[in-house]
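For reference, the structure discussed in these notes is given below.
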Amino acid sequence: MNKEKMVQKLKEKISDKRYEHSVGVSYTAACMAMVYGADVEAARTAGLLHDCAKGLSSKEKLEKARKYGLPVSKYEESNPEMLHAKLGAYYARYKFDIIDEDILNAITYHTTGRPNMSLLEKIIFIADYIEPNRKMIRDMEEIRKEAFTDLDKCLVHILKNTIDYLETSSNDMDYMTKMTYDYYVNK
Ligand code: FE
Ligand code: FE
């Protein structure tokens, strides 16, 4: 599928604001790919499509995940928004004709990360957090700098702040976020 058609299709699925965010992730990921020697085109595409399933309602997310036979954890059952990552990868594969498994994995793990991530997976996880439309939350300036100087340090910094935030706001969290943090903090 050419980029033009991809963009047109994506715009039908998500809000203008979410599209702006996706473009932000796309270019940020492309720049990071330039710094770290990853595939720039793959980074652009993964960035553009990472939230392609975000436009569905919570109810739809749960229904579609079940319908497509995607694994739904207990945590996802009570937090269906989390499913936009897995569903996004499903849409990327079947509606946007993406066959690159690395791109599909980057979309699947963009919210939680996972232990032993590929370079592209790290780039999309980080680009989603730091893209220019994001609010200037705690340590953002420092995290943005780390994104272009020390990838793993940046990853741990984001995970640490995310976990701190979830703990203070008494939200529960996906066990995968904690697993990713434990893996990289001990690395
Ligand atoms: Fe997302
Ligand atoms: Fe996003």
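One-based numbering, in listed order, for ligands and for the atoms of each. Sequence positions, counted from 1, serve as the residue numbers for this chain. These numbers come from a predicted model, not from an experiment.
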Subject >> K59 bridged to E63 by N-O distance under 4.0 Å >> reply: yes
Subject >> Under 3.5 Å: donor-acceptor pair, side chain of S22, backbone of R18 >> reply: yes
Original post:
Got a sec, which residues hit salt bridge (charged side-chain N to carboxylate O under 4.0 Å, His left out) with K153, two or more places apart in sequence or on another chain?
Top reply: none
**OP:** Could you please tell me which protein N, O or S atoms lie under 2.8 Å from the Fe ion (ligand 1)?
**Re:** D51 OD1, H84 NE2, H110 NE2
Original post:
Quick one: NE2 on H157 to CD on E142, what's the gap to the nearest 0.5 Å?
Top reply: 5.0 Å
**OP:** Please list, chain by chain and in numerical order, all residues satisfying salt bridge (charged side-chain N to carboxylate O under 4.0 Å, His left out) with D100, sequence neighbours excluded.
**Re:** none
Subject >> Pairing residues for K54 by the side chain to side chain donor-acceptor pair (under 3.5 Å) criterion, not counting sequence neighbours >> reply: none
